[in-house]
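Since this is a predicted model, take the numbers as computed values, not measurements. Just so we're on the same page: letters track the sequence lines, and every chain starts at 1.
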Number of protein chains: 2
Amino acid sequence: MRTKLDQTKDLAPQIAKAIREAIVAGDLISDARLPSESDLAEQFGVSRPTVREALKRLAAQSLIRTQRGATGGAFVNRLTYEEAYPQQITTSTLLLSMNAVDFETACEARYTLERACAPLAAKRRGPDHLAAMQAEITRQGAPGLTDEAFCASDVAFHRALVDAAGNPVLSYQLAGAVEAMQPLMNMITFTARSREEIIALHSRIADAVSAQEPAAVEAALSELENYTKSLGAQVMAERRGG
Amino acid sequence: MRTKLDQTKDLAPQIAKAIREAIVAGDLISDARLPSESDLAEQFGVSRPTVREALKRLAAQSLIRTQRGATGGAFVNRLTYEEAYPQQITTSTLLLSMNAVDFETACEARYTLERACAPLAAKRRGPDHLAAMQAEITRQGAPGLTDEAFCASDVAFHRALVDAAGNPVLSYQLAGAVEAMQPLMNMITFTARSREEIIALHSRIADAVSAQEPAAVEAALSELENYTKSLGAQVMAERRGG
DNA sequence: TCTGTCCAATTGTCTGACATTAATCGTTTG
DNA sequence: CAAACGATTAATGTCAGACAATTGGACAGA
């Protein structure tokens with residue numbers, strides 16, 4: 001960790017980088033305690049506030065956690081899926097919204113990845129996954145549902161589908177792709193007719209997963225992708241027109 | 001942004017959260033300038049160092065960038081793929097290493113996602129993608145290559161394959177899955193025989209992409225997945241034995 | 001042995017100051 | 001009159017020192 005610093009500028013990022021690399025390289029294992037802020041300040045030859053800024057950067061990435069008190073300090077955090085999910089989703093969402101990624105591209109990426117989960121989901125789905133999917137389908141048919149709630153339920157349905165694949169790494173990677181689409185989907189106003197269509201496709205997907213027919217799952221997902229794209233295209237056309 | 005703060009504790013995270021939500025919600029658009037640190041401190045009723053810590057957290061997530069000088073300050077960052085990539089990779093890598101994700105699960109996730117790119121890659125690959133893949137294959141056959149360099153080239157090959165799909169969102173999502181595997185792959189000692197095998201499969205993949213035959217790409221990827229898994233299983237068995 | 005109190009270590013926050021950077025404005029000069 | 005150059009200024013980056021808050025452990029007493 002004791003790397004040289006370019007003493008001239010931007011000390012905090014350099015310190016953060018040094019510690020981060022030590023963690024990623026495995027020199028600091030989970031739950032290991034870092035030296036106190038004062039010690040680090042002395043080691044790196046900077047002041048305590050500078051060290052603190054560096055530590056805050058790491059805390060923002062959930063790489064470390066801090067604890068006050070006598071035996072307190074900064075500890076290397078054991079990154080859990082629960083902590084990694086929101087980060088992944090926030091980053092993906094911003095990436096889409098700030099880079100003017102067109103609806104079509106985002107949609108294609110999402111459904112391409114989701115189709116990849118289909119075979120595993122069909123093979124490994126348990127009763128809980130099937131129940132979760134069915135519950136969302138029911139919710140989506142409820143009258144008086146706002147567009148936003150409909151979208152949220154849509155996301156929940158697809159997450160259940162992905163989780164059915166029984167691979168946590170896959171679930172993690174897909175979370176970004178699926179959730180990041182929600183803001184884009186929220187721009188769409190769903191008519192009763194389009195909701196019906198989507199719910200019907202969701203049912204086909206759920207049934208195919210239940211029947212363990214991967215090809216049918218993929219086919220229904222492809223149809224849903226095309227339908228979603230067409231809805232998005234309509235919105236874009238109207239936006240340009242009006 | 002002017003949300004209430006629980007004045008009692010952990011002010012910096014609260015401020016960071018308030019600003020982050022304003023950015024994610026779109027209240028602060030790209031390149032918008034935040035108030036100066038002094039102004040923010042006054043607005044939130046805290047001291048400047050506290051505000052600074054909050055800003056550093058956001059900077060660590062690349063949500064803002066800071067600039068010194070007269071017209072300087074903190075600006076909402078337009079998150080680019082270049083900035084998002086390393087974050088995605090770091091998080092994915094740590095998630096795998098810290099959660100004792102077994103080789104098999106990680107491998108399955110990676111190749112499942114990669115197969116999903118196959119149809120698009122076969123359809124859209126350009127001469128540059130084909131050249132990149134071919135270049136890595138050549139490098140992998142070079143004598144005297146270390147295991148680490150071989151793995152790095154392997155990653156580069158697969159990234160070229162993913163990029164061939166021509167969907168930046170897909171490339172971004174896959175980066176985590178592919179790169180995060182590298183530390184796990186580095187545990188494997190590649191024999192001349194196994195390198196030969198892998199290079200042959202890479203060639204099959206490249207040829208199938210070149211010939212625009214998605215099914216052949218998927219088949220070769222599946223074989224590569226199985227072969228990689230068997231290599232990993234060997235390492236695990238030896239480790240348990242010795 | 002158990003319990004309550006005190007103490008020490010550590011992070012969280014504040015205050016004030018100075019250094020550094022970079023744009024702008026005014027002045028000076030060709 | 002225009003261009004170049006220096007002073008000003010506003011902002012972040014860094015530092016020093018201090019105090020508050022919190023937590024665990026040690027120590028003394030019942």
For the pair made of [atom1] in [X] and [atom2] in [N], what is the distance, rounded to whole Å?
{"X": "A:L11", "N": "C:dA19", "atom1": "CG", "atom2": "P", "answer": "16 Å"}
{"X": "A:E42", "N": "D:dG17", "atom1": "CD", "atom2": "P", "answer": "13 Å"}
{"X": "B:L40", "N": "C:dC14", "atom1": "CG", "atom2": "P", "answer": "14 Å"}
{"X": "A:D39", "N": "C:dA8", "atom1": "CG", "atom2": "C1'", "answer": "15 Å"}
{"X": "B:F44", "N": "C:dG12", "atom1": "CZ", "atom2": "C1'", "answer": "18 Å"}
{"X": "B:I15", "N": "C:dC14", "atom1": "CD1", "atom2": "C1'", "answer": "13 Å"}
{"X": "A:E37", "N": "D:dT14", "atom1": "CD", "atom2": "C1'", "answer": "16 Å"}

Nearest to the side chain of [X], which nucleotide is it out of [options]?
{"X": "A:Q67", "options": "D:dG24, C:dG12, C:dT10", "answer": "D:dG24"}
{"X": "B:P49", "options": "C:dC14, D:dT12, C:dT11", "answer": "C:dC14"}
{"X": "B:T71", "options": "C:dA23, D:dT23, C:dT13", "answer": "C:dA23"}
{"X": "A:R68", "options": "D:dG13, C:dG12, D:dA11", "answer": "C:dG12"}
{"X": "A:S47", "options": "C:dT11, D:dT14, C:dA9", "answer": "D:dT14"}

Indicate every side-chain donor-acceptor pair of residues 176-190 of chain A with a distance under 3.5 Å to a residue at least two apart or in another chain.
from: A:E179; atom 1: OE2; to: A:R159; atom 2: NH1; distance (Å): 2.5

Problem - Nucleic acid contacts - residues 50-60 of chain B versus DNA chain D, non-hydrogen atoms under 4.0 Å - result: B:R52, B:K56
Practice task
Could you name each residue pair satisfying salt bridge (Lys or Arg N to Asp or Glu O under 4.0 Å) that touches residues 82-91 of chain A, not counting sequence neighbours?
Solution key: none
Practice task
Sorted by first residue and then second, give each salt bridge (Lys or Arg N to Asp or Glu O under 4.0 Å) pair with at least one member in residues 94-109 of chain B; sequence neighbours left out.
Solution key: A:R124-B:E108
Practice task
Compare side-chain N and O positions of A:T66 against OP1 and OP2 of C:dG12 and report whether any pair is under 4.0 Å apart.
Solution key: yes
Practice task
Sequence neighbours left out, what pairs pass side chain to side chain donor-acceptor pair (under 3.5 Å) with at least one residue falling in residues 54-65 of chain B?
Solution key: B:R20-B:Q61, B:D31-B:R65, B:S62-B:Q87, B:R65-B:N77
Exercise for the section: Without swapping roles, check the side chain of B:T93 against the backbone of B:I89 for a donor-acceptor pair under 3.5 Å. Expected result: yes
Fill in the blank from the handout: Minimal heavy-atom distance between B:Q173 and B:Q88, with the atoms involved, is O-NE2, 3.4 Å
Problem - Side-chain donor/acceptor contact of A:R48 with base of C:dG12 under 3.5 Å - result: yes
Problem - Residues which pass ring-ring contact (aromatic ring centres under 6.0 Å, His included) with B:F157, listed by chain and number, not counting sequence neighbours - result: B:H202
Practice task
Give B:R65 one of three labels, base, sugar-phosphate or nothing, depending on what nucleic acid heavy atoms sit under 4.0 Å from its own.
Solution key: nothing
